[in-house]
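First comes the structure, then the notes that go with it.
These numbers were taken from a predicted model, which means no experiment stands behind them.
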2 protein chains.
Amino acid sequence: MPRQSIILTLDRIGSPVGEVLVATDGEGAVRALDFHDYEERLRRLLRRHYGPVELVQGRAPEAVRTAVEAYFGGDLAAFDGVVVKTGGTVFQQAVWAALRAIPAGETRSYGQLAAAIGSPKAVRAVGLANGSNPVGVIVPCHRVIGANGTLTGYAGGLERKRWLLAHEAGGRLI
Amino acid sequence: MPRQSIILTLDRIGSPVGEVLVATDGEGAVRALDFHDYEERLRRLLRRHYGPVELVQGRAPEAVRTAVEAYFGGDLAAFDGVVVKTGGTVFQQAVWAALRAIPAGETRSYGQLAAAIGSPKAVRAVGLANGSNPVGVIVPCHRVIGANGTLTGYAGGLERKRWLLAHEAGGRLI
DNA sequence: CGATGTCTCGCGGTTTTCGGACATCAATGA
DNA sequence: TCATTGATGTCCGAAAACCGCGAGACATCG
């Protein structure tokens, strides 16, 4: 069911774990964020939620660029003011909202997250929703780990998940 | 994939074969036309092609209203200048375009139509596409009949198909 | 013989249905 | 200790069903 395609700006920002792709809309809200080697995935997720998407290379709003650089530089609260906007089902929206409520430096298990949104048994569903989060890092899906402490999975690669958690732990062991 | 719903204006115009429903968009193009007793079908087809649709009661552009009244009054060329806009697959678009090329007063068989769009064997598929034409009467799906001359089917009811063809034959037998 | 009718089968898009797969986890039973 | 199972939301691909047909094979009937 084709509707006219939505147009987003795609910017690239350097980071210690590789270049980061950021897609922002006309109002400066972040619609997607992923690592450079997963550009295909980023496009797919956008298409899934919005239909045909046109990504034009360009510069994200300074506020967004600054926040990304600050975060990777160590300012873990840098994303607090950044506006993200997503499509997705009601369930997914709930999961992603719950993710943003996890403070940097802490983690939750998939079960805890499921309980937090009122569906304590929808544990695997939370995993799925997590995995189809279009806005990586800012919506911190990397802060969700297995009940027994293993990292389980991460769309950007477990290496990066480990790095992000260590970065947020600020030297403390995780 | 929920996008914000498209908004169309729904008007009702009297005709000798019952009230006619016309959905037009903001630019005055006709997006759907059907008979009053098939409103459900009209909504379904719109939804299929555009996703969620909001129909607000209102007046269609005068040009459209005039054309509809003129056609039923006997001016068979009244629709020539009317702009229609449809969704649908490539195949459906091809079929619907071919339909508009059939002059009033003439008919084609499903096979002829299939041949006209270059898929001589897609005969039943043409029937299907015909049956899911959202813009009745203006896109004259009623001008397609069986190879042996029988009327076969019509979404608005065979009675109306018969009436329309007689109307267009202008007194000649059909 | 010809006109007519009924049946059967193949045709080709589109829509629907269905069955997995999954970034889990707690409880069960061997 | 370890494999199994059930609960849950979503996506995706494959397969099946659906038809506004049409041509050909036969039967029937004056």
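Across all strands, B/Gly111 comes closer than 4.0 Å only to sugar-phosphate atoms, never to a base (heavy-atom distances). Among the heavy atoms of the strands lying under 4.0 Å from A/Gly131 is at least one base atom, whether or not backbone atoms are also near. Among the atoms of the strands shown, only primed sugar atoms or phosphate atoms (P, OP1, OP2) are found under 4.0 Å from some heavy atom of A/Ile145. Counting non-hydrogen atoms under 4.0 angstrom, A/Ser109 reaches the backbone sugars and phosphates but no base. Base contact: B/Val144 has a heavy atom under 4.0 Å from a base atom. Residue B/Ala114 is classed as having no contact, given no heavy-atom separation below 4.0 Å to the nucleic acid. B/Phe91 comes within 4.0 angstrom of sugar-phosphate atoms only, judged by non-hydrogen atoms across all strands, and of no base.
For A/Gln112 and C/dA26, the CD to C1' distance is 14 Å, given to the nearest whole Å. Look at CD on A/Gln93: it is 11 Å from P on D/dT10, rounded to the nearest Å. What separates CG of A/Leu164 from P of C/dA23 is a distance of 18 Å, to the nearest Å. For the pair B/Asn148 CG and C/dT6 P, the interatomic distance rounds to 12 Å; values are reported in whole Å. Rounded to whole angstrom, the span from the NZ atom of A/Lys121 across to the P atom of D/dG9 amounts to 10 Å. With rounding to whole Å, A/Trp96 atom CH2 is found 15 Å from C/dA23 atom P. The distance from atom CG of A/Leu113 to atom P of D/dG9 is 14 Å, rounded to the nearest whole Å. Atom CZ in B/Arg41 sits about 14 Å away from atom P in D/dC19, given to the nearest Å.
Out of C/dT16, C/dA23, D/dT10, the shortest distance to the side chain of B/Arg48 is found at C/dT16. Side-chain proximity of B/Ala147 to D/dA23, C/dT16, C/dG13: nearest is D/dA23. Here the nucleotide nearest the side chain of B/Asn130, chosen from C/dA23, D/dG20, D/dT8, is D/dG20. In this structure, of D/dA7, C/dA23, D/dG22, it is C/dA23 that holds the atom nearest to the side chain of A/Leu128. Distances were taken from every side-chain heavy atom of B/Val123 (C-beta onward) to each of D/dG20, D/dG22, C/dT15; the shortest belongs to D/dG22.
Within the structure, a side-chain polar atom (N or O) of A/Thr89 is placed less than 4.0 Å from OP1 or OP2 of D/dT10.
Once rounded to the nearest 0.5 Å, the distance linking CD of A/Glu168 with CD of A/Glu106 reads 10.5 Å. The CG atom of A/Leu128 sits 8.5 Å away from the CZ atom of A/Arg124 when rounded to the nearest 0.5 Å.
With a cut-off of 3.5 Å on both Watson-Crick or G-U wobble distances, the partner of C/dG19 is given as D/dC12. Across all strands shown, C/dC11 forms no Watson-Crick or G-U wobble pair with both key distances under 3.5 Å. The base-pairing partner of D/dA25, taking Watson-Crick or G-U wobble contacts with both distances under 3.5 Å, is C/dT6. C/dA27 is paired with D/dT4 under the Watson-Crick or G-U wobble criterion, all donor-acceptor distances under 3.5 Å.
Side-chain contact between B/Phe91 and B/Val126: present, with at least one pair of heavy atoms (C-beta onward) separated by less than 4.5 Å. Taking 4.5 Å as the limit, every side-chain heavy atom of A/Thr86 sits out of range of all side-chain heavy atoms of A/His49.
We find that A/Glu40 and A/Arg43 are not joined by a salt bridge, their nearest charged nitrogen and carboxylate oxygen being 4.0 Å or further apart.
Ring orientation note: the planes of B/Phe72 and B/Trp163 are tilted relative to one another, at an angle of 30° to 60°.
Listed for the B/Arg143 side chain is a donor-acceptor partner under 3.5 Å among the backbone atoms of B/Ile102.
Checked by distance alone, B/Tyr154 brings no side-chain donor or acceptor within 3.5 Å of a matching partner on the base of D/dG20. Donor-acceptor pairing under 3.5 Å, judged by distance alone, is present between the side chain of B/Arg124 and the base of C/dG10.
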